[in-house]
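To start, the structure under review is shown below, and the notes come after it.
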Amino acid sequence: MIKQPPYLKKGDKIALVCPAKKLPKPIDDAILVLESWGLEVVLGKSITASHHQFAGTDQLRADDIQQFLDDPSIRAIIAGRGGYGTIRIIDELDFTAFDLNPKWIVGFSDITVLLSHLISQSEVQCIHGQMPYTFHESTSEALDSLQRALFGDKQAYEYRSEFNNKPGSANGMLIGGNLTLLTMLQGSVSEMNFDGKILFLEDVGEHEYRIDSMLRMLKRAGKLDRLNGLIIGAFNEIEEEKISFGQTADEVIWDIVKEFDYPVCFNFPTGHIENNLTMVLGAQVALNITNNHIQFKYL
């Protein structure tokens, strides 16, 4: 049974950490946004730490997160940014205190490692959403969706897709995140169970052949066979190749999943984009898809 952490309320204390790459600039404006929501912001050592490309050594970053996982006065932990590095420390973290006193964990991109581990091992809901490093370029809608998710306001999203969808309706538990990281986690204790779920995927800066190979790996492993629905988010900043792959990212994905019976939608506003709408992993959601129109809501 997936547990839901207590929603935030004004006056609650939250922590900011960097489990992966270091911050190249201050995030003072993002802190002001979080404080404007009525939250007290505590900064971890990793916010200002530096060790090569990382936000401090592996030990510093692990210790930084651990203190806030264990501290019952901290009601949410938000990753300052992604990059690369969470997989280097995930096995050093002890979730014993966290499991007894769950709190919201927020991030996306490389933080997919942590989110997937929480769903797999702790069975606790968590949030795929904007991080302070991206607040300045975020749409107001994306930031509002993060605030509403943290404070417990039920949400619904509606949009039109430019790429033709596979129509249908589905309910189920929402899982997903960054395709590269989800593929990297296969076969580990942090791997999520995909069966009967509504899966969302996003990625950035990949070649079409890499997207093709990762999805085919998931398909060959049976991970796509028994989904209730599939949501394709932003696959942007595709790297050009000297010889064209011959398909766009959406065409690659469609070729791989078109044989399945469940509904599939494209161009969902989540991922490495300004309008990165918040997705609550572990929540029950409803999906209604027509050729170009998508309705998504939390149940």
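For clarity, every value in this text was computed on a predicted model and none was experimentally measured.
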Other residues, nucleotides and ligands only: do more than 12 of their heavy atoms fall within 6.0 Å of CD on E158? yes
Within 6.0 Å of NZ in K45, more than 12 heavy atoms from elsewhere: no
Please say yes or no: joined through hydrophobic side-chain contacts below 4.5 Å, possibly via intermediate residues, are M217 and I87 part of one cluster? yes
Indicate, with yes or no, if I27 and W37 share a hydrophobic cluster defined by side-chain heavy-atom contacts under 4.5 Å among Ile, Leu, Val, Met, Phe, Trp and Tyr. yes
Ignoring hydrogens and geometry beyond distance, is a side-chain donor-acceptor pair present between [X] and [Y] at under 3.5 Å?
X	Y	value
Q67	D71	no
N292	S161	no
S109	N178	no
T248	D250	no
D64	S46	yes

Test item: Y209 and Q247 side chains (from C-beta on) under 4.5 Å apart, heavy atoms: no
Pairwise side-chain contact, F245 with D212, heavy-atom cut-off 4.5 Å (strictly under): yes
Is the closest basic N to carboxylate O distance between R210 and E239 below 4.0 Å? no
Closer than 4.0 angstrom, basic N to acidic O: yes or no for D12 and K9? yes
Provide the closest heavy-atom pair for G82 versus A20 in the form atom of the first, atom of the second, distance. O-CB, 3.3 Å
Anything under 30° is parallel, anything over 60° is perpendicular, the rest tilted; go ahead and classify F266 against F163. tilted
